[in-house]
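So the structure is just underneath, and the comments pick up after that.
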Amino acid sequence: MKKSSRAWCWAAPSVLLLVSLLLWPMIYLVRLSLNEGGSKSGFGIGGSFYKPGTWTLEVYRTLATEHYFWQVTWFTVWLGFFVAAMCVLLGYPVAHYLWQLPRRWKPLALACVIIPKLSNLLVTIYGLKMILGDHGPVNETLMTLGIIKEPLALQHSVTGVVIGKTLLVLPYTILLIWAGLERLDRTLISAARGLGATGWQTFSRVTLPLSLPALAAGALISLIWALGAFISPYLLGSPEQITLAVDVQRQMFENLHWPRAAGEGVAMLLTLALIAGAGALLRPKSHVLPR
Amino acid sequence: MAAVRLDHLSCGFTGGTLAVDDVSFELAAGEFFCLLGPSGSGKSTLLRLIGGYLPPNSGRVFIHDRDVTHVPPEKRNAGMVFQNYALFPHLNALDNVAFGLRVKGVAKKEREAKANEMLDWVGLTPDERRRRPAQLSGGQQQRVALARALAFDPSLLMLDEPFANLDRSLRERLREEMGDVQRRAGITAILVTHDRDEALALGDRIAVMNHGKLLQIGTPEQVYREPQSTTVATFLGHRNVLDVAAAKPCGLDRSALLWPEKLRLHRDGHLPAVVRRIVYAGSHRVNTVQLDSGLELEVHTAHDALHQIGERVGLEIPPDAITPIGL
């Protein structure tokens, strides 16, 4: 009893932080989505953001039947799964390579994975815009080589969004899968080789099945991360194909309809909760024994 | 035809001393060979060199007269039992044993029949065969590892401290069973151990290693009764091992091994000594006596010869109690 209460003391600051900065805003978000929209007498500069003190399900009724909203939601989910798939497909081989590096190279390799995440997000994206632009090095090179005649639409398109978001999420995927592989007992690999398995057989029959939990965790984290995509679709995407996060911002600052923005926020939260829940339920069992 | 032949094999890790230093020996087919040495003596490294898990710096490895020095482990056809067994945690016992056949492309029916046969052999019940390694006891895991190492008909069985993680009674029982299994299979086996009793009990021949070097190789009896160096004698558990300096006050001119059961204590023995400790050992008493030179020796006495701690005695060293070391 005494011990657990002492543990509570140490946890209190972070619990307080989570409640005040996460739980409370979420409750506030739900409340906001239940307000009536736009009015001259409303709160805000010049009014018209929302009508305080009102209760209505109007926003959800609109969202449920509106083609535009479902289009945005569908694109967001599709983008999430696509980016997660890209991250796993690109990240697993990298993680596998890093795992096999000699021990003395690993700190350097770790730094290489993390460094892109240390630069400012906007700097990264604007750098990417320059690289992917019509007159950027990628298009210039391809045109000089005569592979293409017209510049590829690498930005202001889905391609740009996928490239940008994958670049932003990939380090997390790599780190998660790498950490999972590092927990694997290497004598199992030796054992498989000793029993006559080729390199590929060792990978497909031992390494891959044993790293499935890490792979699944990597995929889930990538998916959750990608579902909240804002900067990449905002700066690299086309105005026709936007994600929920971008639309929330639009409803808030361009359409000035706060209840609707809040309602879309709630929809995003529910989608994430649904996917995280399904992911937790379907997670492959870990066979890595505690050491 | 030699089952295994090592030709001036050396292996070292970057910047250190050699883990295996110029080792050569030959194993006859069907032989049970024990590599005995303290931890860090290079015995496990030597086993990994034979299995192909490590590349040697120099020297050659032959298995059944085939030069396998640069052949990867999967093409050496040598079954290995690892110290932690290295069973695949995602496969049940049966699939673990069948793994070697599966990667060779043996049909499911055939490989399961063979795996079941092997598991019959090591005595695992049908119920236990469906369990994953985490659900098996240490002894059961060890049996599965042994069955797995033998199931794909290897030409060589390698055992890396396979009993180290088991409790004493299980260790002794499995040790006997291991000997039986190896004899029935008629396979050449190499066992790495730091336990001299294990090596003496199982080995047709024993090689004693220290600091990467092969110190002595011979039958258990040869190695035990005629150690060629004080290191070997001490490592085999002999208590009265005298180096040249210690041997001189006893009237010997070279290092020697004194057998405690043949030494005698008399009032008129010619080497004055004091009894320091007496331990009752069932069939005899173990007296630790200290000579005037400071040297302590163990002397076994019968129960009718009762000495007291602190008693001054004379030690007699009959000629047959002395085995000279390093002829």
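Counting only heavy atoms from C-beta outward, the side chains of H194(B) and S39(B) never approach each other to under 4.5 Å. The shortest distance between side-chain heavy atoms of P116(A) and T124(A) does not fall below 4.5 Å.
For the 3.5 Å distance criterion, the side chains of W178(A) and E182(A) qualify, holding a donor opposite an acceptor. In the model, Y92(A) has a side-chain atom that pairs as donor or acceptor with a side-chain atom of S211(A) under 3.5 Å.
For the atom pair CG (L27(B)) and CG (L6(B)), the distance works out to 7.0 Å, reported to the nearest 0.5 Å. For the atom pair CG (N57(B)) and CG (L9(B)), the distance works out to 9.0 Å, reported to the nearest 0.5 Å.
Taking non-hydrogen atoms and a 4.5 Å limit, the residue list of residues 10-18 of chain A in contact with chain B is empty. For residues 145-153 of chain B, heavy-atom neighbours of chain A at less than 4.5 Å comprise R148(B), F152(B), sorted by residue number.
A salt bridge links R131(B) with D127(B): the distance from a Lys NZ or Arg NE/NH1/NH2 to an Asp or Glu carboxylate oxygen falls below 4.0 Å. The residues K43(B) and E161(B) are annotated as salt-bridged, a charged nitrogen and a carboxylate oxygen being separated by less than 4.0 angstrom.
With a 4.5 angstrom heavy-atom cutoff, N77(B) does not touch chain A via any of its atoms. For L87(B), the part lying under 4.5 angstrom from a heavy atom of chain A is the backbone only.
Across M158(B), R76(B), E74(B), the residue that shares the most heavy-atom pairs under 4.5 angstrom with chain A is E74(B).
Taking the six-membered ring where tryptophan is involved, the planes of F82(B) and Y53(B) are perpendicular, since the angle between them exceeds 60° and thus also 30°.
Just one of R143(B), Q140(B), Q135(B) meets the side-chain hydrogen bond (donor to acceptor under 3.5 Å, both in side chains) condition when paired with E128(B); it is Q140(B).
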- Task: Please step through salt bridge (charged side-chain N to carboxylate O under 4.0 Å, His left out) for the pair K108(B) and E112(B), ending with a clear verdict.
- Result: CA-CA 6 Å; K108(B) 187 180 168 82; E112(B) 290 201 343; 3.6 Å; yes

